[in-house]
Amino acid sequence: MRLLRHQGFLRVALSVLLVLSLYLLSAATENSARFGRLYIWLLLLNGVVIVALVGLIVNNIWRLVRSVRRQDTGSRLTLKLMALFVLLAVVPGMVVYTFSMQFLQRGVDSWFDVRIENALDDALALSQAALDQRMRDMQQRLEEAAGELADVSAAMAPVTLGDLRARTGASELALLGENGRIIAASSIDTADILPHRPEEGILLQLRQGRPYVGLDPIENSGLHIRALVPAPGPQGPGSNRVLQGLFQVSPRINDLAAEVETAFSEYRELAYLRGPLKDSFSLTLSLVLLLSLLFAVWSAFYLARRLVAPVSRLAEGTRAMAAGHYGTQLPPGGNDELGSLVHSFNDMSRRVAEVRDAARHNQALVESQRAYLETVLGRLSSGVLALAPDGSLRTYNEAAGAILSVPLAEGVGQPLGALARRYPDFAPFAELVAGHCQGSASEWRAELGLDTAEGRRALMCSGAVLPGRGDSGGDVIVFDDVTALIQAQRDAAWGEVARRLAHEIRNPLTPIQLSAERLQLKVGPHLDDDEAALLARSTDTIIHQVEAMKDMVQAFSEYARPPALQRRPVDLNALVREVTELYRSEGQDPALQLDLAADLPALQADPGRLRQLLNNLLRNALEAAEPEGCTVTIRTARGAGRYADWIELDVQDNGPGFAEAMLSQLFEPYVTSKARGSGLGLAIVKKIVEEHNGTISARNINGGARVSVRLPLMAAQDGQTGNGE
Amino acid sequence: MLLLATAAGAQSGGFEVNALEGRFDAGLLLADARIDYRLSSTAREALENGVPLTIAQDLRLERPRWWWRNARVVAHERRYRLQYHAMSRRYVLTWLATGESRSYRSLDALTARLGRIEGWPVVRQERLNADRRYRLMLSTALEVEALPRLLRTVAYVEAGWQLASNTRRVEVQP
């Protein structure tokens, strides 16, 4: 823009200079007196300007061609405008030029008239004819005088010449000797000492014996007739003497002849100057036209470029917008329509940029809300699944994967059924969800028991149709693992039962036992042997059964009110080895396989309770296992993933496994498949695990039962007191 | 003491100073020269159509200086007017300084007379330093500025009007 302004200034300066130069040029053509000397410089200056303009134009054309080849923005429009401007400038210019040249040629020619020219020629010829007659007279007079000089010696010549001059009426008489040497002379003008000598050519003619007569315009004294005739001396015809006479034409004839001469000369000169006049006017005109045209062409480039510049900028701006550079601002244009177009473009660009920024802001907001929601969902203990309208898994939270014990990440974007095929445990859940989602109800609730890798779980599921259509719709399923809750309720109920049983049953047991013993003691001696034996057997049975009931009540009591935990660091592996050694030394021969993880960290636990836990588990496993080839595997390991701070203990047998119906109530009292036992073994195990804030699960794997226990390395603060009553 | 320049000068236009000679006579430095005036056909045609021509002869004496421009001792100019007198069919040569004129039957006779310079007084000998060498220079040219104004514009650009001689230089020593 600055360059354009700069160029504009240059252009104005150059045009002023050009106009001035053209004015001076035409002034010089019109009036040489004032600018004549400048003419050549003006021509030179204009020539330089022409060369400069041609150079500028060639440079512009080159630039234009190059930009058209490069397909620059606006170059083709510039080319078109250029062509238009040049056409508009050149065609009228050439028309005016052609007509001007014709007018010039014809106008100048029309000043001259052939008849006038002929008349002047005739006037001159007439004058010359009139004078010719007079010249012949003079020559004759001079020849007569020369005859009289034939006997006159050089010494006498001046006197005779004076006499002869008076008689012939000559203004000057001169007798010339060899080589034009003056012998004697007589002049009417006494001040003029030296006679007017003839030129060599005339003397040469005289020497050949031919007389000469002619007109001679003598400065200040008008037209004269000069006649030269041979004048033989006393030595005879051989002597080369010449008599010269100058005769003044009469003043009247002199004036007339001078006027004819002047008029003829001036007309002749004018007619001759007609050519140069036309040439100089044509030159000036051509120069003016050439300069104007070149200037117009050069200006056409400037104007075209200036007109196209905002359009090019707009095109570039549009291209930038299309390329995603929103907010592109163009330099403001003028006050015309193009200027307002540029203004509108800038306005539009700014608004687009604002909208884009707002969209970005909203996106960021949505992202942050989404992150917020994800965090909230991640911290939820409930599992959440979002399904797309086509039933495929869209998103889920961490708790969902943990509750379902299925790597949900693998199933994103797929229907739940696909995941269920890979993980059969997951199938009941997938079927439940599919069944409800296909239904028409917008909300549903259901309970589901699910076997997972972590054991059987009771899930409380609820689903709802998400608002929105198409992609944004779908279903959301929220489910909670209520296993622990149900278990806790049952545990509480059982604890209450045990406590009451212990309380209600223990009280009558002692009177019953005492009564039976007293009966035997008091009644027995009074009976005969048979009866006494019967009594003894019966009372023994009562006493034994009461003892058994007491033991049972004691067990219930212990279940209901466990002793306070004595926590200290325990090496679980050592404990396992110690307990298993006990079983080996009992004389039985169970195949106890130990798979103990090395460098297992110490556990903060009550070793006595842990030993009881191990005992119960082992006994349970050995009792359930096949009598023949009984194999129990005990495995300890450090947990992985989110169970990194936990220790895992698995006890697996190769028995028939748990009955399917028992699985959900396995850890409740009096749930047993065995003929013997209190039915409290696994219930106590679970109690011990819970006292240590651990988890326990049981499932059938590889044709056997497996009980898995997880214990935290660091006991929770609230775990210190135990959760016994 | 005479120095004669005989070297043929290069042709410049139609005029050429063929010879230039400086001689001392009666306490005066006099210049003799021969100039060949050959008018171009353009100039001859203009002359015959009544256009007067003016020819200037420029004679200068300079003292050469190796360290600066030559010092000008003296400069003379003679201007002549050539004219065709239609009535008498003669060519008239007028010495413009004095108004003195002579007429000739032919242009060649006129230019021969014009080109014969004899005893043009240059400077008094006493003004010259006898130990120094001087340079005498002669040039002649047709004066375009003296032409009629209509002709002048064309004359500036037309080669036929660019009639000027070389400058003939000759060394003289008092």
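Any value given below was found using the heavy atoms of this structure, including those in side chains, with hydrogens, waters and symmetry copies removed. Below, chains carry the letters A, B, ... as their sequence lines are ordered, and counting in each starts from 1.
Counting heavy atoms of neighbouring residues, nucleotides and ligands inside a 6.0 Å radius, atom CZ of Arg63(B) exceeds 12 of them. Atom CZ of Arg106(A) has 12 or fewer neighbouring heavy atoms from other residues, nucleotides or ligands inside a 6.0 Å radius.
Ranked by non-hydrogen atom pairs under 4.5 Å with chain A, the options Arg113(B), Glu45(B), Gln83(B) are led by Glu45(B). Counting heavy-atom pairs under 4.5 Å between each of Glu266(A), Glu269(A), Glu200(A), Arg226(A) and chain B puts Glu269(A) at the top. Note: Pro217(A) leads Pro217(A), Pro198(A), Ala257(A) in heavy-atom pairs under 4.5 Å with chain B. Ranked by non-hydrogen atom pairs under 4.5 Å with chain A, the options Glu158(B), Arg89(B), Glu100(B), Glu48(B) are led by Arg89(B).
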**Request:** Quick one: do Leu107(B) and Tyr84(B) satisfy side-chain contact (heavy atoms from CB on, under 4.5 Å)? Show the steps, please.
**Result:** CA-CA 9 Å; Leu107(B) 188 60; Tyr84(B) 179 66; over 6 Å; no
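With a 4.5 angstrom heavy-atom cutoff, Ala155(B) does not touch chain A via any of its atoms. In this structure, chain A has heavy atoms under 4.5 Å from both the backbone and the side chain of Ala86(B). Interface residue Leu131(A): only side-chain heavy atoms are found under 4.5 Å from chain B.
Figure legend: Arg79(B) and Trp95(B) shown without cation-pi pairing, the cationic atom not lying both under 6.0 angstrom from the six-membered ring centre and within 45 degrees of its axis.
Note: Tyr37(B) and Phe15(B) have perpendicular aromatic rings, judged against thresholds of 30 and 60 degrees for the angle between ring planes.
For Glu199(A) and Arg90(B), the salt-bridge test passes: some basic side-chain N is under 4.0 Å from an acidic carboxylate O.
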